[in-house]
Amino acid sequence: MTTISAASPPIGRTVKKWLLPAVPFAILVALWGLAVLLFDPPVGVLPSPALVFEAPFNSDPYLANVGASVQRLILGFLVAASTGVVVGVAAGLSKPIAEFLGPLTTFMNALSGIAWIPLAVAWFGPGTGMVVFIVWNAAFFLVFGNTMLGVRLVPDVLQNGLLTLGASRMDVIRQVIVPGAMPYIMSGLRSGLGFGWRAVIAAELVGASLGLGAWIFEQQEFSRMDNIMAGALTIGVIGMVMDRWLLAPLERRTIERWGMVGSAS
Amino acid sequence: MVKPASTTTATGKDLGAVRAAQSESPGLFGVAGLSSVIRALLPFVVAILAWWAIWAVLDPPEIILVSPASVFGSFIDSIAEGALPTFIARSLARLGIGTLIAIGLGVPMGWLLGLDEDVAQAAEPIMRFFNAVSGIAWLPAMIIWFGFTETTIQAVIVYTMLFPVAFNAMIGVRTIPKRYRDACRTMGAGTLRIIRDVYMPGSFPSVMTGLRLGIGFGWRALIAGEFVVGTTAGGGLGFFIFDARTQGVIGKVMAGMIVLGVLWLLMDRLILRPIEETINVKWGAVSA
Amino acid sequence: MTVPTGGAAQAAPPTISVEGLSHSFTDPQTRKTVHALDDVNLEILPGDFVTVVGPSGCGKTTLLNILAGFIRPSAGKAFVNGRAIERPGADRGVVFQELAILPWRTVYRNIAHGLEIQGVAKPEIDERVNRMTSLVGLEGFEGHYPHQLSGGMRQRVAVARTWVSDPEIILMDEPFAAVDAMTRLTLQEELNDLTVRTGKTVFFITHSVEEAVFLGDRVMALSARPGRIKEEVHVPVPRAERSWERMSHDEALQDTVEHVLSLVRGEAVEPTGQDG
Ligand SMILES: Nc1ncnc2c1ncn2[C@@H]1O[C@H](COP(=O)(O)OP(=O)(O)OP(=O)(O)O)[C@@H](O)[C@H]1O
Ligand SMILES: [Mg+2]
């Protein structure tokens, strides 16, 4: 009745897990290839998939541009993450300060990143400094706001519990407040990185001569659609890899480890 | 036992994480009387005073920083010229059209994809990917396809908003407890009925999350698009700011930025949040 | 395959019959097989109130899911009125273990939902829902949303929603488990009244032996997993005459409780090892 020939399901499952998501991509590339074959559009309008996938290898500045963008992102993001968390924890510790800064943070969040590009160009001139500032700007308020919120939401009971055990203020911060706020901090970091990456591209589009954003914009003047699409897809791949393989697992780990998240949602 | 459900909740969060920081802060235009209005405005007053002080002390050149008074002056001038109101209207119209299309296309798309477990699993990565490519990255390609035109801007916004909306609609359907569906089946409900009575209302909170996120991304894509294409595509707030910088009028740049921030707050307080709150009050915290 | 016996040779054909039912789940991840039900045989006659007790994880909900038509058994057959069960149907109303009334519908619209689905005319829906709300004591709460109700009231909505469509059979999975003890007593008496009055065929799962004896014509005691029917116990006093008052005095009822308890107690809840 109960057959024990249970060897196949897990293999089938793994295959399915990897194959299933590949199907839409495969269909899309096939359709794209087919469209190019059938309608034979000018290369400047829609190059074949092969041309686009080859573009990175045929174009010398590709790697330099990718490197420049990623570097700026990492730099700006690291500064935003550290300043955002430290300032956020400090501000969150005091209810009046947090309440005072709340509306300002919401406001700054609303126009963070891309809207600052013209002002940043005026301040720093085009180039790396400006882009890094924009990344910082795009990520900082998210990290800061989430950290402050997370700290505020750590129940007082927990802190008091530790204080009655004779812990110092610093102990409380390290052992209760930061871990308690961790899920919020992580989600702030994660969305900060997402917005930061978009901001890098936008900033480079209008205010840099190196970087993926600058490169694809420049390629547009030469109608090099293969390079443009290669660049755009690279932007997607980098954004997705960072999010899925770096921050999402980190976030999941903190949530699993520190428990509840999203009581605010 | 039902592990997949909790995983999807976690993944549902990732495109919806920004909410926390954006939707906190005690009501800026809350109802609770004068004192709360003052308390809400106080931070802004203090920030403006601080800005003024910094400006007075550093005495920076005009192309770096100007005083709040001069920003206000630029604001009044731009209103009087008529450029600012036109541009505001234009940007809002673009965002509005983008929102409508994203909802009209993205929500049904997400619902359909969410109906079947396998389809949803297959669709998730590609939707994440296209969301990650971001409308801004497509801007040069759009320019080649559509020129420096309104179409380009609109296409970028629609693209940007579509994926967060569709993705969250899909996640919304998938995270509705299965027992709601089962209960309706025992009452004789068919698939269409279940879609109407369970999936549509049940995924609503998640759709709102997606919309909020989509507007956040779309708003930025709009500004970037107007920076680049605005000159020939009839302006817009992004163009206003960008152009002011080119002219070297920092007062106008900052006035434009403040208008952007205020517009967002108004949109949040007057449209998005009331909808979310009504739903929350009526249904309780629906999404498990 | 099995056609209902045409003639009136048999007195009353069973409303539900279950033959040699077994069910196993295979966990796709660990590829372990959980044997949930083993060779269950059961007949429920029209108007019967059958209660099922058994240790946690012994397969009670699985059995109910098979009767409801949500899962196909690995072996054996289940019939409703002689027809093999293939899918959920409006002839079998289900009150779920976990509350399944819709949070986005008001009390009224939750109760009316089944009737709406069946396309009953508005005035009739109105009339039936109103009768039902007063029957379960929810008058005045028609416009409330579930989150505005107490746990006991939500359970009433769940029961009312199932009852109002007047299904032939009602399957209930620990409907009162999440309700406080006082409210539970009231709900049990109300349910007893309701079933006696409407003469419904009920299949009722519970953890509580007292509840099982109080409500049922018969109590099925299931063994620990894989669940099989250990013994079928007849409850002596007619349902129409039962009350908690009487339960506490009546020796026959007390003895039945003791007996069922001894059956269940023999089935110490073995650690399932995969409850994480
Ligand atoms: N969909 C499923 N997949 C795998 N195993 C399952 C599934 N549903 C139930 N099981 C397993 O089958 C066994 C019986 O489950 P069931 O829900 O029927 O128990 P139950 O008697 O209703 O328990 P309780 O009293 O706790 O509600 C359990 O060990 C459970 O883990
Ligand atoms: Mg159960």
Check: B:I250 versus chain A, heavy atoms under 4.5 Å apart: side chain, backbone, both or neither?
Finding: side chain
Checklist line | pair A:F217-B:I143: side-chain heavy atoms closer than 4.5 Å | finding: yes
Next item on the list: Measure distances from A:L233 to the heavy atoms of chain B and classify the residue's part below 4.5 Å as side chain, backbone, both or neither.
Entry: both
Item checked: Heavy-atom pair with the smallest gap, counting every atom of B:A137 and A:A232 -> O-CB, 3.8 Å
Notebook entry, point to check: Quick one: are A:T106 and B:R269 in side-chain contact, heavy atoms under 4.5 Å?
Noted result: yes
Notebook entry, point to check: When heavy-atom pairs shorter than 4.5 Å are enumerated against chain B, which of A:A203, A:P24, A:A202, A:G113 gives the highest number?
Noted result: A:P24
Margin query: Is B:A47 in contact with chain A via its backbone, its side chain, both, or neither, using a 4.5 Å heavy-atom distance?
Written below: side chain
Checklist line | Pairs of heavy atoms under 4.5 Å with chain B: top-ranked of A:V23, A:I235, A:V143 | finding: A:I235
Check: Does the side chain of A:W197 come within less than 4.5 Å of B:S134's, by heavy atoms?
Finding: no
Item checked: Interface moiety of A:T147 toward chain B, non-hydrogen atoms closer than 4.5 Å -> neither
Margin query: Please classify the contact between B:V262 and chain A as side chain, backbone, both or neither, with a heavy-atom cut-off of under 4.5 Å.
Written below: both
Next item on the list: With side-chain contact (heavy atoms from CB on, under 4.5 Å) as the test, would you mind laying out the steps for A:I114 and B:W219 before giving the verdict?
Entry: CA-CA 10 Å; A:I114 291 170; B:W219 184 244; over 6 Å; no
Item checked: B:F129 CZ to A:R244 CZ distance, which is reported to the nearest 0.5 Å -> 14.0 Å
Next item on the list: Enter the distance from A:Q220:CD to B:M142:CE here, rounded to the nearest 0.5 Å.
Entry: 13.0 Å
Note to self: As an exercise, state the distance from CG of B:N131 to CE of A:M240, rounded to the nearest 0.5 Å.
What the structure shows: 10.0 Å
Next item on the list: Mark yes when over 12 heavy atoms from residues, nucleotides or ligands other than B:I63 sit less than 6.0 Å from its CD1; otherwise mark no.
Entry: no
Checklist line | chain A contacts, top residue of B:L237, B:I144, B:L139, B:T246 (heavy-atom pairs, under 4.5 Å) | finding: B:I144
Check: For the candidates B:P60, B:A132, B:P140, which exhibits the highest count of non-hydrogen atom pairs separated by less than 4.5 Å from chain A?
Finding: B:P140
Notebook entry, point to check: Closest approach of B:R245 and A:A122, non-hydrogen atoms and distance?
Noted result: CD-CB, 3.9 Å
Item checked: Min side-chain heavy-atom separation B:P43-A:F107 under 4.5 Å -> no
Notebook entry, point to check: What are the two closest heavy atoms between B:V253 and A:P118, and how far apart are they?
Noted result: CG1-CB, 4.3 Å
Notebook entry, point to check: Going from CD1 on A:I201 to CD1 on B:I136, what distance comes out if it is rounded to the nearest 0.5 angstrom?
Noted result: 8.5 Å
Next item on the list: Heavy-atom distances under 4.5 Å only: say whether B:M254 touches chain A with side chain, backbone, both or neither.
Entry: side chain
Check: Among B:V119, B:I223, B:I258, B:I126, who wins on heavy-atom pairs under 4.5 Å with chain A?
Finding: B:I126
Notebook entry, point to check: Does B:F242 reach the side chain of A:V206, with side-chain heavy atoms less than 4.5 Å apart?
Noted result: yes
Check: Stepwise, does the side-chain contact (heavy atoms from CB on, under 4.5 Å) test hold for B:V46 with A:F100?
Finding: CA-CA 10 Å; B:V46 173; A:F100 178 83; 3.6 Å; yes
Check: With a cut-off of under 6.0 Å to the ring centre and 45° to the axis, is B:R220 in cation-pi contact with A:F195?
Finding: no
Check: What's the spacing between A:L104 CG and B:L42 CG if we round to 0.5 Å?
Finding: 9.5 Å
Notebook entry, point to check: Do B:W264 and A:N109 touch side chain to side chain, with heavy atoms closer than 4.5 Å?
Noted result: no
Notebook entry, point to check: Where do A:V45 and B:W145 come nearest, in terms of heavy atoms and distance?
Noted result: O-NE1, 2.7 Å
Item checked: Closest non-hydrogen atom pair between A:W123 and B:L65, with its separation -> CZ2-CD1, 4.3 Å
Next item on the list: Any chance you could measure B:F130, atom CZ, to A:F25, atom CZ, to the nearest 0.5 Å?
Entry: 7.0 Å
Item checked: Winner by heavy-atom pair count (cut-off under 4.5 Å) against chain B, out of A:G239, A:G44, A:G236 -> A:G236
Check: In terms of heavy-atom proximity below 4.5 Å to chain B, should A:I228 be classed as side chain, backbone, both, or neither?
Finding: side chain
